[in-house]
Amino acid sequence: MYIKICLFLLPFICVAVRYKPNWNSLNSRPLPAWYDEGKLGIFIHWGVFAVPSVGFNSESEWFWNYWKNLKVPSYIEFMENHYRPDFMYADFAKDFTTEFYDANQWAEILNSSGAAYIVFTSKHAEGYTNWPSSTAFNWNSMAVGPKRDIVGELGEAIRTKTNLHFGLYHCLYEWLNPLYNQDKANNWTTSQFSRTKTTPALYEIVKRYKPHIVWSDGDAEAPASYWNSTTFIAWLYNDSPVKDEVVTNDRWGTDCKCKNGGVWTCGDRYQPGKLQPHKWVNAMTIDRQSWGYRRNADSSQYLSIEELLATFAETVSFGGNMLMNIGPTKEGTIVPIFEERLRQMGQWLNVNGEGIRGTKPWSKQNDTLTSGIWYTKKVDAVYAIVLTWPTDILSLAAPIPSSSTTVSLLGYTEKFQWTRRPSSGIDIQIPPIPFNKMPCKWTWIFKLSNLENI
Ligand SMILES: *[C@@H]1O[C@H](CO)[C@@H](O)[C@H](O)[C@H]1NC(C)=O
Ligand SMILES: *[C@@H]1O[C@H](CO)[C@@H](O)[C@H](O)[C@H]1NC(C)=O
Ligand SMILES: *[C@@H]1O[C@H](CO)[C@@H](O)[C@H](O)[C@H]1NC(C)=O
Ligand SMILES: *[C@@H]1O[C@H](CO)[C@@H](O)[C@H](O)[C@H]1NC(C)=O
C-alpha cells in the first residue's frame, strides 16, 4: 500500500537515500526527530574504574591513565598507601562485583527522570567491555568481575519496561593497549588496533544491542581516517538494524568535533552561549568533577536541582539537548543522591514538560530586562523559563503582547493579568500563590499565547 501511494504521488522522494562514506554525504542525513524532541538524556559511566572509584580533583574513570600513563602523584600515592606493591589495574576487575545490579530497578529510576533516552558505557578507554565481546577475551564483564552481560541486561530492561531509547557509548582508543600505542608510534600509518579491535567491536554492539545512539569518544589523538569512521557510519545509516532511528555524535577522529558526524558535542559540558546552527548536546555531570562514581566526593560536589535546571533551561533555549551523567557503584547501585536528582528532574518535567519537549528555540534566547529568563517556543506559544520566583511583577522585554495575549503558569489553573510595557515588552502581575498551590518548587515556566512576535 505504502509503496503504491509512494510510487503514484511522490516517486522521487521515495527512492531510499544511500549515504556515501564521506563527511559531506553523512553530514547531510536528517536527524531522527525523536532526539531533538526529547531534550533530556541520562548518561551512565560504569566499568572497572567503579572499583577504585576515586578522583583527586579529577574524574574517576581516568584512574588508570592518571596512575600509570600520566603518573599523577596523588594517584601514585593512593596506590602506594593502600595496595600491595605489585598490584595491577587489572586486579581491580575481580572486585567489580555488581551484586546489587538490577537492570529493571535501574530502568525504573532512569525512566523516572522524564528523559527520552539513555547512553550507557559499553567500553571506556580502559578497554574493559561491559558485554562479552569477542574482541576483549579476558577483559570483559562475562570473563572477569560481574560474569554477566551488563549491556544486554540493561538494554532488555530499558526496552521492555520503558519507552526510553537505548544508546551506547563506545570509546575508540585505549590508553594502555600495546596495539594502539604501536599504531600511534607509527604516526597512524598502521591500523592494527582500529582494524582488529575498535571496528569489529562497533559492528558487534550495533548488531547485538541495536542502540539508538552510538556515542563515540576517545577521538583526541588519531584522525577519522585511522578509525575508518566514515565507512562504519555509512553502514550504520544505510544497512544496520537501526539505520532509521540511530543518532551519532561528532567524536569520530581529531578532524570531527563540532564539524562532522551527527549531533555536535564539541567538548565536555559544552555551553556555546548562543543559538547554534546545528543540533548540539551538553554532555555534563551531576558530580561536578567526574563521570565515574567517586567514593571521595562530598555533597557540595553534586549539582543541586536548581543548578541542573538552570543548565537545562539555557541548553534547551540555545537548541541543545542535555545529557546528564550519573556513575553507579561497583556493587551496582545508583546512590540516593543521583537517584534523587533523577526523580526531581522527572517531577519537574511532569509539570513543565510542555515548555521543554518538542519545543524549538525562539528568536530570543534570554531576556534583556530580567536575568535568569530562558525562552523556548511551539507553534502557538512562547515559554519563559524563570529560574527565580518573581515577586509582584515579572517584567519581560522580549515578548510583544497583542490584545488577545494570555499568560499562564504551567501546572496552575488561573490566568495571569498583564499590561503592555511603555516602550516594549510585557509586565506580568504575579498574585500571591499559597505554598501548597505552587505547581513546583524550583524553576517555573510561564506560557505566553497569542503574542505579536511568536
Ligand atoms: C516512565 O515515566 C513516565 C513519566 O514520568 C511515567 O508516566 C511512566 O509511568 C513511567 N513508566 C514506567 C514503566 O515506570
Ligand atoms: C612520526 O612523526 C614524528 C614527528 O613528525 C617523527 O619524529 C617520527 O619519526 C615519525 N615516526 C614514524 C614511525 O614515522
Ligand atoms: C575501511 O573499511 C573498508 C570497508 O570495510 C575496508 O575496505 C578498508 O580496508 C578499511 N580501511 C582501513 C584503513 O581500515
Ligand atoms: C543572556 O545569555 C547570555 C549568554 O549566556 C549571557 O551572556 C547574558 O548575560 C544573558 N543576559 C541576561 C540579561 O541574563
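We count ligands from 1, going down the list as the structure has it; atoms in each ligand are counted the same way. Everything numeric here is computed off the predicted structure, so don't read it as measured data. Heads up: numbering here begins at 1 and tracks the sequence.
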**Student:** Go through the steps to decide whether Trp280 and Phe318 satisfy the test ring pair (Phe, Tyr, Trp, His ring centres under 6.0 Å), and finish with yes or no.
**Tutor:** CA-CA 9 Å; Trp280 63 281; Phe318 289 140; 7.1 Å; no
**Student:** Determine the minimum heavy-atom distance between Ala283 and Trp215, stating which atoms define it.
**Tutor:**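 Smallest heavy-atom distance, with atoms named: CB-CZ2, 3.9 Å.
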**Student:** Among protein heavy atoms, which lies nearest atom 9 (O) of ligand 2, and at what distance?
**Tutor:**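 Answer, as residue, atom name and distance: Asn187 ND2, 4.9 Å.
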**Student:** Check ligand 4 against Ser371 and write out every atom of the ligand that is under 4.0 Å from a heavy-atom position of the residue.
**Tutor:**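 Near Ser371, the atoms of ligand 4 are 14 (O).
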**Student:** Please work out, at 4.0 Å between heavy atoms, whether the side chain, the backbone, both, or neither of Asn163 comes within that distance of ligand 1.
**Tutor:**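 Within the 4.0 Å criterion, Asn163 makes no contact with ligand 1.
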**Student:** Taking only heavy atoms of Glu314 into account, list the atoms of ligand 4 that are under 4.0 Å away from them.
**Tutor:**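 Heavy-atom distances to Glu314 below 4.0 Å select 5 (O).
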**Student:** Identify the protein heavy atom lying closest to atom 2 (O) of ligand 1, giving its residue, its atom name and the separation to 0.1 Å.
**Tutor:**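 The closest heavy atom on the protein side is Asn111 ND2, 2.4 Å.
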**Student:** For Asp367, state whether at least one heavy atom is located under 4.0 Å from any atom of ligand 4.
**Tutor:**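 Contact check Asp367 vs ligand 4: positive.
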**Student:** Can you name the nearest heavy-atom pair linking Ala136 to Gly127, along with the distance?
**Tutor:**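 It is CB-O, 4.4 Å.
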**Student:** Given the side-chain rings of Trp444 and Tyr412, with only the six-membered ring counted for Trp, is the space between their centroids under 6.0 Å?
**Tutor:**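 When the ring centroids of Trp444 and Tyr412 are compared, they turn out to be at least 6.0 Å apart.
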**Student:** Determine, using heavy atoms of Lys274 and all atoms of ligand 4, whether some pair is separated by less than 4.0 Å.
**Tutor:**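 In this structure, Lys274 fails to qualify as a contact of ligand 4 - no heavy atom is under 4.0 Å.
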**Student:** Considering the heavy atoms of Trp374, write down every atom of ligand 4 situated less than 4.0 Å from one of them.
**Tutor:**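 The list of qualifying atoms is 2 (O), 5 (O).
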**Student:** About how many Å separate NE2 of His124 and CG of Asn65, when rounded to the nearest 0.5 Å?
**Tutor:**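 With rounding to 0.5 Å, CG (Asn65) is 10.5 Å from NE2 (His124).
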**Student:** Could you pull out the closest heavy-atom pair between Asp255 and Ala224, with the gap in Å?
**Tutor:**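 Heavy atoms only, the tightest pair is OD1-N, 3.0 Å.
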**Student:** I'd like to know whether the aromatic ring centres of Phe166 and Phe120 sit less than 6.0 Å apart in this structure.
**Tutor:**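 No: the rings miss the under 6.0 Å criterion.
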**Student:** Taking all atoms of both residues into account, what is the closest heavy-atom pair of Lys123 and Tyr169, and its distance?
**Tutor:**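 Between these two residues, the closest heavy atoms are O-CE2, 3.3 Å.
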**Student:** If you have a sec, work out which protein heavy atom is nearest atom 5 (O) of ligand 1 and how many Å separate them, to one decimal?
**Tutor:**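 Of every protein heavy atom, Asn350 OD1, 3.7 Å lies nearest to atom 5 (O) of ligand 1.
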**Student:** Could you tell me which atoms of ligand 4, counted from 1 in the order shown, lie closer than 4.0 angstrom to a heavy atom of Gly273?
**Tutor:**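 Those of ligand 4 that fall under 4.0 Å from Gly273 are 4 (C).
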**Student:** Using the ring of each side chain (for Trp, its six-membered ring), is Trp106 parallel, tilted or perpendicular to Trp46, with breaks at 30° and 60°?
**Tutor:**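 Aromatic pair Trp106/Trp46 classed tilted.
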**Student:** Which atoms of ligand 4 are found less than 4.0 Å from any heavy atom of Asn366?
**Tutor:**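 Near Asn366, the atoms of ligand 4 are 1 (C), 2 (O), 3 (C), 8 (C), 10 (C), 11 (N), 12 (C), 14 (O).
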**Student:** Which residue and non-hydrogen atom of the protein lie closest to atom 13 (C) of ligand 1, and at what distance in Å?
**Tutor:**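 Residue, atom and distance for the closest contact: Lys161 O, 3.0 Å.
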**Student:** Protein heavy-atom contact under 4.0 Å for atom 7 (O) of ligand 1?
**Tutor:**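 Protein heavy atoms within 4.0 Å of atom 7 (O) of ligand 1 - there are none.
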**Student:** Is Glu108 in polar range of ligand 1, meaning some N or O pair under 3.5 Å apart?
**Tutor:**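 The answer is no, given that Glu108 and ligand 1 share no N or O pair closer than 3.5 Å.
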